[in-house]
Amino acid sequence: MVGIDLLKEKCNANSLDKISGLSREVIDFIVKYVELCNPDSIFIRDDSKEDAEYIKNKSLELKEEGSLKISGHSVHFDGLHDQARDKENTKFLITPDFKLEGLNSIDRDKGIGEIELLLKDIMKGKEMYVLFMGLGPVGSEFSVYAVQLTDSAYVAHSEDILYRGAYRVFEDNTDVDFFKYLHSAGELDENQASKNIDRRRIYVDFSKDTVYSVNTQYAGNTVGLKKLALRLAIRKADREGWLAEHMFVMAVHGEDGEKNYFTGAYPSSCGKTSTCMVEGESIVGDDIAYLKKRGGAIYAVNVERGIFGIIRDVNEDDAPLIWEALNKEGEAIFSNILVNDKIPYWDGDGRITPTEGNNFSGSWCSGKIDEFGSEIPFSHANARYTIRIESLNNADSEKENPEGVLVKGIIYGGRDSNTWVPVFESFNWAHGVVSIAASLESETTAATLGKTGERKFNLMANLDFLSIPIGKYIKNHLDFVKDIGDSPAMFGVNYFLRNEHGEYISGMHDKRVWLKWMELRVNKKVGAISTPIGNIPKHKDLEKLFKELLNKDFSLDDYNMFFSIRCSQNLEKIERVSNIYHGFKEIPAEVFSILNEQESRIREAQNKFGDLIAPDKFI
Ligand code: SPV
Ligand code: MN
C-alpha cells in the first residue's frame with residue numbers, strides 16, 4: 001500500500017480529516033516515514049486541548065510517564081545511560097564538496113543508509129504522533145515552523161509543554177517552509193526506557209532541513225524543536241542575516257519600573273536558568289532566542305514557551321520561584337529524579353532523602369551500584385523539570401509579543417574557577433564578541449555525556465550546536481550591528497570564581513546584584529573602572545546594591561577579592577583561545593587583533609602593578 005492509502009489505513013477518521021488540509025510536502029514527509037517505520041497507527045495532532053490531553057494520557061497509559069501526588073504532575077525516566085545529550089553520536093550528514101571544519105560529521109549517503117536501517121519497521125506495534133509546532137510566537141516575523149514525528153508520547157508531551165502548537169499555520173498555508181524531525185525511542189526495556197542505546201544516533205541533514213533521532217529518549221537528543229532545531233536554525237539565520245542563539249531572554253527592572261531586556265548565553269549548568277529566574281526580575285525564556293534587527297535596533301523572542309530546567313539545587317531558599325511552580329497543581333514532568341510514595345525527590349531539594357524508591361535505574365535503594373560498580377545516585381545530576389513559563393509568577397508580560405523585546409544588553413557566562421571577575425563590560429561590541437563571547441570557556445558539567453570538571457572552549461555557549469564554519473559564525477556576530485545605531489552593551493559574568501582554598505566566593509543570590517549593575521550600565525546611570533579586560537564596577541555602586549538587594553555589607557576586601565585582575569590567568573586564557581583559532585581557517589582578522597591588543601594591555605599592567613591587580617590601580 002502506498003501514499004495516502006497507507007495513511008487512510010493507519011489514521012482514524014479524525015486524524016484523516018486533519019491531514020486533508022495539509023500540503024503535498026507535509027503529506028509526502030509523513031508518508032515517507034510511515035512507510036519506513038511502519039507504525040500500527042498514526043495520530044495527527046492539531047492545536048486543540050483534547051489532542052494535547054490525548055497525548056498526555058497515552059504517556060501515562062504506556063507508562064512512559066507515571067503520575068505523581070500533585071494533580072498534573074508526572075515522572076519520566078530515561079535509561080540509566082541515556083541521561084544527557086550524546087555529542088559523539090550527533091553528526092551532520094555532509095556531501096564530499098561540503099566542508100564543516102571541526103564539527104562532527106559523516107558522509108551523507110553513509111549516514112542515511114545507517115539511519116534507514118535502524119528505522120526500518122522500528123514503530124511496529126506503536127503509534128506515531130505527528131505534531132505541528134512553532135519556534136517563536138506563532139505568526140510572528142521571527143517564527144520558524146516544524147513538523148515532528150515521534151513514537152514517544154513522552155517526547156510529544158514534552159514538546160507540547162515546551163513549544164507553541166502551529167497546526168493552524170500548516171492548515172492555512174500550503175507553502176509554509178518547515179523543519180522536519182523524525183524520532184523513535186526504539187525498542188523499550190521493562191522500565192519503558194530505550195534499550196539499544198549502543199545504536200543511539202542523532203543525524204542532522206541540512207540538505208533537507210531534517211533531523212533523525214533514534215534509540216534515545218533524553219529530551220536534549222529527542223525533542224526536535226530544542227537543540228536539534230537550533231542546529232538547523234543557525235544555518236537558516238546565517239542565510240537570512242539574523243542570529244539563533246543559546247540564550248535566555250529576561251527583563252531587569254529599573255528603579256523607575258522600566259523593563260530592560262537582556263539576553264544571556266551560558267553553557268549548560270552554568271547558571272543560565274537561575275539568572276533569568278532571580279527574584280525581582282521577569283523571564284521571557286531560559287534557553288534559546290532568535291535575534292533580529294528592526295529600525296536600527298535588535299529584538300529577541302523566546303523560541304520556546306516552556307522550560308526544561310535542571311532540578312538539582314531547586315529548593316525553597318535558593319530557587320523560590322521554581323520551587324513554587326513545582327509544588328502547585330498543573331502540568332509538570334519531573335525526569336530522572338527519585339520517586340517515593342508518588343513524591344519526587346532530587347539533589348539539593350532541602351528535604352530528607354528517602355533511602356529507597358524508583359529512579360532512572362528502576363527500583364532503587366541507597367548503595368545500589370551499576371554494572372561497572374559505580375554507585376547510582378538517587379537523582380541524576382542532569383535530572384530535569386519540564387513546565388510552561390506561564391506557570392511561573394515571574395513570567396514577563398511581553399513573552400508572547402510577536403514583535404519581540406528590545407535587547408539592551410547581552411551577557412555571556414561560563415564556569416570558571418580562576419580567571420574572569422564576576423561581572424564586567426566590554427569596551428564595545430567587537431571587543432565583547434571577541435574577548436567575551438568568542439573566548440567563552442567552561443568547566444564541563446553533567447549536561448552532556450563524559451567527564452566533568454574539564455575546562456572547555458565554548459564560543460557563545462553555542463559550540464555544541466554550531467552548524468556553520470566557526471569563522472563565519474563569529475563574522476556574523478561582528479557584522480550584526482553594522483547598521484545599528486546604539487548596539488547593545490555586552491557583559492561577561494562568572495559565578496564560579498574560587499579562592500585559594502578552592503571554595504566558591506560568590507553567594508547564590510549575588511547575581512541579582514550583577515544584573516542590577518548591568519541595568520545601571522545600559523542606562524548610563526553609573527560609571528565604571530576601565531581595566532585591561534574591560535569595564536568593571538566601582539566599589540561604591542556594588543556596596544549600595546548589595547545593601548539594598550541582599551542586605552549584605554560588601555566590604556572593600558570583598559570587592560578586591562572579587563574584582564582584582566588576575567593577569568597570568570587572563571594571559572593563559574588568551575593563549576588557549578588564540579591557539580584554538582589559529583587551528584581554523586577563515587577566522588576574521590579582528591579576532592586576532594583584539595586578542596593581541598588585550599594581551600598587550602594586560603602585560604603592560606602586569607609589568608607596572610604585578611600579577612594580581614586591585615581595581616583601584618586603574619583609577
Ligand atoms: C542544555 O543542556 O543546554 C539544555 C538541556 O538546555 S538540553 O535539552 O539537553 O540541551
Ligand atoms: Mn540549553
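Counting starts at 1 for both ligands and their atoms, following the listed order.
- In the vicinity of K226, heavy-atom distances shorter than 4.0 Å reach the ligand 1 atoms 8 (O).
- Between K328 and E324 there is no salt bridge, since no side-chain nitrogen of the basic residue lies less than 4.0 Å from a carboxylate oxygen of the acidic one.
- Ionic pairing of R305 and D160 is present here: one or more N-O contacts between side-chain nitrogen and carboxylate oxygen are shorter than 4.0 angstrom.
- Close contacts between ligand 1 and Y218 involve ligand atoms 5 (C), 7 (S), 9 (O) [criterion: under 4.0 Å to a heavy atom].
- Taking 2.8 Å as the limit, the number of protein N, O or S atoms around the Mn ion (ligand 2) is 3.
- Within ligand 1, the atoms closer than 4.0 Å to a non-hydrogen atom of R85 are 1 (C), 2 (O), 3 (O), 7 (S), 9 (O), 10 (O), numbered from 1 in the order shown.
- When only modelled atom types and interatomic distance are considered, T90 and K227 share no side-chain donor-acceptor pair under 3.5 Å.
- For E88, there are no salt bridge (charged side-chain N to carboxylate O under 4.0 Å, His left out) partners, not counting sequence neighbours.
- Counting heavy atoms of neighbouring residues, nucleotides and ligands inside a 6.0 Å radius, atom NZ of K293 exceeds 12 of them.
- At a cut-off of 3.5 Å, with distance as the only test, a side-chain donor of E65 or H157 sits close to an acceptor on the other residue.
- Near S268, the atoms of ligand 1 lying under 4.0 angstrom from a non-hydrogen atom of the residue are 1 (C), 2 (O), 3 (O).
- Remark: ligand 1 and D287 share an N or O pair separated by less than 3.5 Å (distance only, no angle test).
- Ligand 1 has H246 within reach: a non-hydrogen atom of the residue lies less than 4.0 Å from it.
- At a cut-off of 3.5 Å, with distance as the only test, no side-chain donor of N302 or Y290 sits close to an acceptor on the other residue.
- Side-chain atoms of Y495 and T275 form a donor-acceptor pair, as typed in the model, at a separation below 3.5 Å.
- A donor atom on one side chain and an acceptor atom on the other are found under 3.5 Å apart for N418 and R455.
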